[in-house]
2 protein chains.
Amino acid sequence: MADNSADRTAAAPGEPPLEEQIAAYQREFQDLDPQVEKVVSALSRLNRRMNVAYSRQTADLGISNAEWEVLKALVLSGAPYRMGPGELAKRLGLTPAAMTHRIDRMVAEGLVTRERDESNRVRVIVEVTPVGREKWLDAMRLASVFEEDLLQDLSSGERHTLGELLTRLLIRVEHAQPDAGGRLTDLD
Amino acid sequence: MADNSADRTAAAPGEPPLEEQIAAYQREFQDLDPQVEKVVSALSRLNRRMNVAYSRQTADLGISNAEWEVLKALVLSGAPYRMGPGELAKRLGLTPAAMTHRIDRMVAEGLVTRERDESNRVRVIVEVTPVGREKWLDAMRLASVFEEDLLQDLSSGERHTLGELLTRLLIRVEHAQPDAGGRLTDLD
DNA sequence: AACCTAAAGTTCGAAGCTAAACATTACATC
DNA sequence: GATGTAATGTTTAGCTTCGAACTTTAGGTT
């Protein structure tokens, strides 16, 4: 039921210190900018650790990370907290097939309901139940404490700087499509 | 063979703009610092996009991301590029069972070899083949171009700042263990 | 030496995902 | 109105992972 897949990484990080890893990269692959690699490696590690933390928290609440993601998409869509499986799948980066199964489970657990859209009978409407909404809130409370702790050592100015820099990277990947060679090219 | 799981996200990002998502969080969950949420959301999205890019690249080379990760761990360990399944599993955050299967596949594809350690016959030694090493190098060449492009809009100073800020976050998660309440506490 | 315990991998069964084939419904065009 | 086509979900088969049970080897204890 709960997605504890990441607990393993939690128990045994097993990775060498970041500096050491950068050095290893330099040793095995010379034409690599250490500054770039540092950013990229830190990003990916950080994300892995965060996911481990989230997994642990949602597991404590008796739901999986996967289920939390669905609840998140539904709740953030605003009242009345409904969405079709197709759009949910797109939002979460899943295949429609996976979404069908996930919704099956969540319906069985009482987190969401599924009904046909009578105005267009091909469509299906997934809606968060009060229980599901409460679970999402519980998870958010835990997550916000963790996130606040994570950024604790950064001043408000540093947080702002970090947010801006990350946003600029994000804009670059989101507003660009890789060309044939995998290179990012601007769209405008 | 190739892990194209993430291509789906690539084709259909489907997520609302970051600003919009932050606003939705504010609407549905008031006690949340928007500055914190911006950093966290950007981090997680950025990572997802990067993984999509890496998946596409490794798929082009005829290997999966999963296999690339194994090659990475082996090569970065330094010559003679060997490691036991157990340590590999720890390094990648997998169960030993998953590692066994992954190595099965990679042996079949000629990326690594597997042999018993004769000095301690419980142990097994996984070693990168020349083909595997070449694949890793190919993947690194693609990855480094992508990463350089990703950071293109940032000045050298900004890259440095970003690296330092991320490293500080990383140190906070890596050198701390969550206490009973999931809060991060210093170890020293 | 015989036994216990720990460590390292593998095997087994269940869960969750993907891709592809398959319904079902809506809608445009004839 | 009949038919072709696109859109939306579901079903099916196969793959990868996990957790847990199991096998083999090493090393300490009596």
Side-chain angles (χ1 to χ4, degrees), chain A residues 1-12 14 51-52 55-56 58-59 63-70 82-109 112 114-126, chain B residues 1-12 14 48 51-52 55-56 58-59 63-70 82-109 112-126:
Chain A
M1 188 164 302
D3 174 12
N4 28 26
S5 61
D7 277 344
R8 176 141 273 283
T9 339
N51 286 335
V52 168
S55 291
R56 221 187 310 231
T58 51
I63 63 176
S64 70
N65 250 356
E67 290 167 337
W68 182 36
E69 279 178 5
V70 175
R82 309 168 145 206
M83 225 184 246
E87 195 182 344
L88 272 172
K90 238 177 272 179
R91 206 67 78 96
L92 305 186
L94 292 178
T95 59
M99 206 61 232
T100 294
H101 296 317
R102 224 184 247 196
I103 294 170
D104 285 347
R105 282 170 253 147
M106 295 181 73
V107 167
E109 291 164 9
V112 300
R114 167 163 46 189
E115 57 182 72
R116 288 218 99 74
D117 180 348
E118 288 304 331
S119 72
N120 181 341
R121 300 186 36 77
V122 188
R123 291 175 186 249
V124 166
I125 299 175
V126 179
Chain B
M1 187 166 303
D3 175 12
N4 28 27
S5 61
D7 276 345
R8 178 141 272 282
T9 340
R48 200 141 18 112
N51 286 334
V52 168
S55 291
R56 221 189 306 233
T58 50
I63 63 177
S64 70
N65 250 355
E67 291 168 338
W68 182 36
E69 279 177 5
V70 175
R82 310 168 144 208
M83 225 183 245
E87 195 182 344
L88 271 173
K90 237 177 271 176
R91 206 67 78 97
L92 305 187
L94 293 177
T95 59
M99 206 62 231
T100 294
H101 297 315
R102 225 184 244 196
I103 293 170
D104 285 347
R105 283 170 253 146
M106 295 181 71
V107 168
E109 291 165 8
V112 300
T113 59
R114 166 163 47 189
E115 57 182 72
R116 289 216 98 76
D117 180 347
E118 287 305 331
S119 72
N120 181 342
R121 299 188 33 79
V122 189
R123 290 176 186 252
V124 166
I125 299 176
V126 179

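Bear in mind the structure is a predicted one, so any value in this text is a computation, not a measurement. As a basis for the values below, the full set of heavy atoms in this structure was taken, side chains included, without hydrogen atoms, waters or symmetry mates. Residue numbers begin at 1 in each chain, while the letters A, B, ... track the order of the sequences.
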B:Glu115 CD to C:dG9 C1', straight-line distance once rounded to whole Å: 15 Å
Length of the CZ-C1' vector between B:Arg105 and D:dG14, whole Å: 12 Å
Test item: A:Glu87 side-chain N/O and A:Gly84 main-chain N/O as donor-acceptor pair under 3.5 Å: no
Residues in salt bridge (charged side-chain N to carboxylate O under 4.0 Å, His left out) contact with B:Glu115, at least two apart in sequence or another chain: none
Contact state string [nucleotides 2-10 of chain D, B base, S sugar-phosphate only, - no protein heavy atom under 4.0 Å]: ------BSB
Value in whole Å for how far the P atom of C:dC17 lies from NE2 of B:His101: 19 Å
Euclidean distance, atom CG of residue A:Asn65 to atom C1' of C:dA15 [Å, nearest integer]: 16 Å
Atom pair distance, as rounded to whole Å: CG in B:Asp117 and P in D:dA26: 9 Å
N/O (side chain, B:Arg121) to phosphate O (OP1/OP2, D:dT24) under 4.0 Å: no
Euclidean distance, atom CZ of residue B:Arg102 to atom P of C:dT10 [Å, nearest integer]: 15 Å
Rounded distance (Å) that lies between atom C1' of C:dG16 and atom CD of A:Glu69: 13 Å
Rounded interatomic separation in angstrom, taking CG from A:Asn51 and P from D:dT17: 17 Å
Set of residues satisfying side-chain contact (heavy atoms from CB on, under 4.5 Å) with respect to A:Arg123, sequence neighbours excluded: A:Asp117, A:Asn120
With sequence neighbours excluded, residues passing salt bridge (charged side-chain N to carboxylate O under 4.0 Å, His left out) with A:Asp104: A:Arg114
Partner residues of B:Arg121 under the salt bridge (charged side-chain N to carboxylate O under 4.0 Å, His left out) criterion, sequence neighbours left out: B:Glu118
side-chain contact (heavy atoms from CB on, under 4.5 Å) partners of B:Ala97, counting only residues at least two apart: B:Thr95
